[in-house]
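Just so it is clear, the model here is predicted, and its values are computed rather than measured. Side chains are part of it too, since the values below use all heavy atoms of this structure and drop only hydrogens, waters and symmetry mates. Within every chain, numbering begins at 1; the chains are lettered A, B, ... in the order of the sequence lines, protein sequences first and strands thereafter.
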2 protein chains.
Amino acid sequence: MTDIDTDNSPIPERKRGSGVKMVYDLLRDEILDLVLPPGSPIDEVQLAERLKMSRTPIREALVRLAGEGLIDTLPNRSTMVANIDFLNLNPFFDALVLMYRVTTRLAAQNHRPEDLPIIRGFHEDYAAAVQTRDALTMIATNAAFHAAIAESGRNPYFTSLFRRLLDEGRRILRLYYQSYDEQFPQRFVDEHAAMIAAIAARDVEAADRLGKAHAEQIVEQVQKLFARNNKLDIAL
Amino acid sequence: MTDIDTDNSPIPERKRGSGVKMVYDLLRDEILDLVLPPGSPIDEVQLAERLKMSRTPIREALVRLAGEGLIDTLPNRSTMVANIDFLNLNPFFDALVLMYRVTTRLAAQNHRPEDLPIIRGFHEDYAAAVQTRDALTMIATNAAFHAAIAESGRNPYFTSLFRRLLDEGRRILRLYYQSYDEQFPQRFVDEHAAMIAAIAARDVEAADRLGKAHAEQIVEQVQKLFARNNKLDIAL
DNA sequence: TGTATTTTATTTGTCGACAAGAAAAATACA
DNA sequence: TGTATTTTTCTTGTCGACAAATAAAATACA
């Protein structure tokens, strides 16, 4: 037995292409869960020594994140978590509502039987998170649920834009649930169930209508919250 | 005069942050103009010595291009120009038509006076390219024209998806014009003019209608072409 | 004391080198 | 001659180091 693997070193064993993905996933989650709030500085060197790797894979992960708009990079200067433009959320809401509609509609049109169990799975995960009042899981599984619907619609262009919007939505909702833990999520569970039914029945118009209503519901709630909050903490 | 710039060396002087952008722009143009056809291998080392720089900035440009779907990277193996899925262009057309509509509509709604000269500028560039029958310029300025309209609509989410679609469209149209140099571009010039008029008049419904018609016009033409061509060169 | 200029420090952008992975080539074996 | 195995080659992924660009600190000067 050739002892190439001298296990006196803790965990320096990392597979070759895995470093970038590890950093990317880590930072992405921390950004979307607001562990890294908007504006947080991101230090390459610090990350490198924390994760015990060179700056190169970290840099690559940062480039990817910048491409998705999750971080901003000032040339020759610091890089930081992208800010949320709270003062002008309308473009975001417009895009979100349209993508909700289009992806739900396309799901009713193009889904395959094997897609439904996956969608139902996320639906149940979301319902469970609502039961246990686990806000973070609730937000993440809600996004996963709608992303799965979008996938079943089989239009990669819409799916990728929608994913980006859902990501941004995770950050916004995170603020929402951290201020008020409202009781309305049960309503969302019911609406999700209705959407699944429409998709399974291939009822395109109903899916469109439900997607639109669901989206406008969310938008309205969030806008209401911000209207209340802005009276207090405009500071930031 | 301090002679820091000893000009015995040809062009080794490159500004610090410019390498990545240079490579990115170069490859992007070559990909979109089909100078690098779909499937072309991209060799980092070769590019590095051709452009007289290290692999690092080239790598970063490739990561960005991969993020936009213009190249595909097989782990630990080659990276190559992304293929075009000619067999299933429908998702592309669906997304394109919707984005044409939405961006033109939003332009009519949200544009500012200073946007119009920019849009008209690309319009004239396009008209000039049609006059001189310069296919490559025609394709590029057409994309720039619609991108400018999208910008004036001021929804960055729609704009970035539309840009990606227009890029992909450049590659597809490139094939079109290289096979047949049709005479229909003049029609597009007229439709462009009508769109500008609707935007300037802030006629949202007209803009929506024109955007949709224009998009469907293009889609129909391209589909017609491929129907003809597929009888001959299914090979690839 | 307040402003302008120089110096230091910190962080990024780029480089050359090396090793891991996978394909291609070469060899062994039937 | 055809298949399996080893060797070689080639490309990528990662590393540590250095230099440029900027910000912060320190100094000079009024």
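A side-chain donor-acceptor contact under 3.5 Å links B:Asp115 to the backbone of B:Arg112. Under a 3.5 Å cut-off, the side chain of B:His123 and the backbone N or O of B:Ile119 do not form any donor-acceptor pair. Of the possible donor and acceptor atoms, one in the side chain of A:Arg154 sits under 3.5 Å from a partner among the backbone N and O of A:Ser152. A distance-only check finds no donor-acceptor pair linking the side chain of B:Asp72 to the backbone of B:Ala82 [under 3.5 Å].
Rounded to whole Å, atom P of C:dT12 lies 9 Å from atom CG of A:Leu62. In this structure, A:Leu51 places its CG atom 14 Å from C1' of D:dT14, rounding to the nearest Å. A:Leu74 has its CG atom 22 Å from the P atom of D:dA20, to the nearest Å. As rounded to whole Å, 14 Å separates atom P of D:dC15 from atom CD of A:Glu44. Rounding to whole angstrom units, NZ of residue B:Lys15 and C1' of D:dA19 are separated by 18 Å. Whole-Å rounding puts the B:Asp43 CG to D:dT9 P distance at 17 Å. When rounded to the nearest whole Å, the span between CD of B:Glu60 and P of C:dC15 equals 12 Å. Between the NZ atom of A:Lys21 and the P atom of D:dT12 there is a distance of 21 Å, rounded to whole Å.
When the nearest nucleotides of DNA chain D are assigned to A:Asn76 and B:Thr79 by heavy-atom distance, the more 5′-ward of the two goes with B:Thr79. Residue order along DNA chain D, read from the 5' end via each residue's closest nucleotide, puts A:Ser18 first among B:Arg16 and A:Ser18. When the nearest nucleotides of DNA chain C are assigned to B:Val20 and B:Pro75 by heavy-atom distance, the more 5′-ward of the two goes with B:Val20.
Closest non-hydrogen pair, A:Asp33 versus A:Leu136, comes out as OD1-CD2, 3.5 Å.
Using a 4.0 Å heavy-atom distance criterion, B:Thr73 is classed as making no nucleic acid contact. Note on B:Val45: a base of the nucleic acid sits closer than 4.0 angstrom, heavy atoms only. Among the heavy atoms of the strands, none lies under 4.0 Å from B:Ile58.
Between A:Asn155 atom CG and A:Met99 atom CE the span is 8.5 Å, to the nearest 0.5 Å.
A:Gln223 CD: more than 12 foreign heavy atoms inside a 6.0 Å radius.
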Q | Base-pairing string, 5' to 3', of DNA chain C - Watson-Crick or wobble, under 3.5 Å, | interstrand | A | ||||||||||||||||||||||||||||||
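Of the listed nucleotides (D:dG16, C:dA17, D:dA17), D:dG16 has the atom at the smallest distance from the side chain of A:Thr56. For B:Met53, the side-chain atoms get nearest to C:dC15 when compared with the rest of D:dA17, C:dC15, D:dC15.
In this model, the phosphate group of C:dA23 is approached by a side-chain N or O of B:Arg77 to a distance below 4.0 Å at OP1 or OP2.
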